[in-house]
Protein chains: 2
Amino acid sequence: MAKTDTDTRERIVATAAKLFYMSGVRAVSMDAIAEKADLTKRTLYYHFRSKDDLIAAYLEERDHPNLALFQRWYEESPGTVADKVESLFRNLAQTARHTKWRGCGFLRTVAELADMPGHPAVKAATVHKKRVEDWLAETLEGPIPHADSKILAQQVMLLMDGAFAAALTHRDPRYMETAGKAASTLIRAAQAGSSAA
Amino acid sequence: MAKTDTDTRERIVATAAKLFYMSGVRAVSMDAIAEKADLTKRTLYYHFRSKDDLIAAYLEERDHPNLALFQRWYEESPGTVADKVESLFRNLAQTARHTKWRGCGFLRTVAELADMPGHPAVKAATVHKKRVEDWLAETLEGPIPHADSKILAQQVMLLMDGAFAAALTHRDPRYMETAGKAASTLIRAAQAGSSAA
DNA sequence: CATTGTGTATTCATTGGTCGGTATACTTTT
DNA sequence: AAAAGTATACCGACCAATGAATACACAATG
């Protein structure tokens, strides 16, 4: 089978992603991944140099789909920017109601690897969060004249990360919705402020 | 030495706290704690039934001092409630500049133990976060007539947790200050809203 | 027939947790 | 008051299980 090995590789990443997300990257062993992906550890180490590499691959692979989902939620929702952002948080709340929801995989990985700032997975998480923030900043730039849309995007991100953390801590998705309300309040305040000045 | 052995116990918790906070609860072994505390593992297990118990003790012991520090920061700062809360975030930003800063120990432990919602340490973290939120709600209740001070307290907490997460992810304490600005904006908006209605 | 991909078996360190033993101090018995 | 018991607080050595990672072997493809 000297074909494109993307199949196996993808299966490994998909399996690892599931396990890493559910239990945390440190709690999941390579043995567990191998077993769940129905192949041996040797094959794992053929496709990935180390566990750390696999963890990084897990987050890198999650970057695009995650951002795309946010964008879809945003675009498909009607109303003002404030409404659209608030709706994004409502969608987030909805996902948080699933039994298998375990917060934000990026944040949880950063939390677990807090003592390894240079870890490739941490870098992947940083890049992802920045990407979402940048997208928000662009999106807000139009409707928010003058006011620093970058700051506002950061504040929305802060509320989003906080919502992930709080909803996970208290096992209560309503924190997501509360965060959404806060976000729309901030956006409207920024609009009012800029038009007044 | 059939005296109160609180000495040793405290030393264990203090040592464990340092290690758990620095590297995460799953990354630190009981052997490592024993060695750092300069005693044998047998003694560890004399004072704590299991590692999970020790993790829980670590967070339980951190609850009070943490809250007390927030309260002190709040009380010692001048100005309006909005100013005081913003100052709290500035103090948080200051701590985040220390080399040994690794985010919020409570949140990071919850993130690590996301697959064990019943874990005593997770409960301790939940209790702590709720306690801070309740204190904030009380504090805001006076100056915020009518407006739901509880919701506002939740929003400030969301910003705080988000600030911990973002500042850790990007290794940039300025997220803390941005969060503080957002918090004071929300508080002022709530005050304006309630006086208008 | 060599390169790619996979399986078997193994290595060696580390993990959470335990067994048995000991020294000290406080209490009870004599 | 001395002897004997008892609870506290500790240690050295150990264990079965598991961790990440590898050495070696072999099948399929082109």
Side-chain angles (χ1 to χ4, degrees), chain A residues 1-59 109 112-113 115-116 118-122, chain B residues 1-59 109 112-116 118-122 124:
Chain A
M1 255 186 245
K3 292 231 355 222
T4 55
D5 62 338
T6 49
D7 283 357
T8 310
R9 203 195 141 94
E10 283 311 302
R11 199 169 87 243
I12 292 173
V13 176
T15 307
K18 240 178 258 174
L19 294 174
F20 283 153
Y21 178 70
M22 287 305 285
S23 310
V25 296
R26 269 182 162 137
V28 174
S29 70
M30 291 297 264
D31 296 75
I33 296 165
E35 196 193 325
K36 204 73 178 268
D38 206 41
L39 35 80
T40 65
K41 239 190 324 178
R42 187 60 191 83
T43 306
L44 245 60
Y45 280 96
Y46 176 79
H47 290 277
F48 297 93
R49 216 177 319 146
S50 66
K51 185 185 176 182
D52 288 321
D53 278 17
L54 182 50
I55 298 172
Y58 147 52
L59 290 188
T109 305
E112 275 198 84
L113 305 179
D115 59 336
M116 327 180 76
H119 195 293
V122 173
Chain B
M1 253 188 248
K3 294 228 354 221
T4 55
D5 64 336
T6 49
D7 284 357
T8 310
R9 203 195 141 93
E10 283 312 300
R11 199 170 86 244
I12 293 173
V13 176
T15 307
K18 238 177 260 174
L19 295 174
F20 283 153
Y21 178 71
M22 286 305 286
S23 310
V25 297
R26 267 180 163 140
V28 175
S29 69
M30 291 297 263
D31 295 74
I33 296 166
E35 196 193 325
K36 203 71 178 268
D38 206 41
L39 36 80
T40 64
K41 236 192 323 178
R42 193 65 191 77
T43 306
L44 245 59
Y45 281 95
Y46 175 79
H47 291 278
F48 297 92
R49 216 177 319 144
S50 65
K51 185 184 176 183
D52 288 320
D53 277 19
L54 183 51
I55 298 172
Y58 147 53
L59 290 188
T109 305
E112 276 198 83
L113 306 179
D115 59 336
M116 328 180 76
H119 194 292
V122 174

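All chains are named by letter (A, B, ...) in the order of the sequence lines, taking the proteins before the strands, and each is independently numbered beginning at 1.
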Any B:H47 side-chain nitrogen or oxygen under 4.0 Å from OP1 or OP2 of D:dT8: no
Determine: side-chain N/O of B:T43 to OP1/OP2 of D:dC11, distance under 4.0 Å, yes or no.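 Checking D:dC11 against B:T43, a side-chain N or O does come within under 4.0 Å of OP1 or OP2.
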Between [options], which one does the side chain of [X] approach most closely?
X	options	value
B:T8	C:dG5, C:dT18, D:dC10	D:dC10
B:T40	C:dG7, D:dC11, C:dT15	D:dC11
A:R42	D:dC10, C:dG16, D:dC24	D:dC24

Give the rounded distance in Å between these two atoms: [atom1] of [X] and [atom2] of [N].
X	N	atom1	atom2	result
B:L54	C:dT15	CG	C1'	15 Å
A:E35	C:dG7	CD	C1'	15 Å
B:L44	C:dT15	CG	C1'	14 Å
B:I55	C:dG16	CD1	P	9 Å
B:D38	D:dC11	CG	C1'	12 Å
A:M30	D:dT22	CE	C1'	13 Å
B:Y46	C:dT22	OH	P	18 Å
A:D7	C:dT6	CG	P	9 Å

Could you report the tightest heavy-atom contact between [X] and [Y], atom names first, then the distance?
X	Y	value
B:R9	B:H47	NH1-O, 3.6 Å
A:V13	A:F48	CG2-CZ, 3.5 Å
B:K51	B:V28	NZ-O, 2.7 Å
B:I12	B:T43	CD1-O, 4.4 Å

Any N or O donor-acceptor pair linking the side chain of B:K41 to the base of C:dG17 at under 3.5 Å? yes
So does A:A37 get a backbone contact from the side chain of A:R11, meaning a donor-acceptor N/O pair under 3.5 Å?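 Between the backbone of A:A37 and the side chain of A:R11 there is a qualifying donor-acceptor contact (under 3.5 Å).
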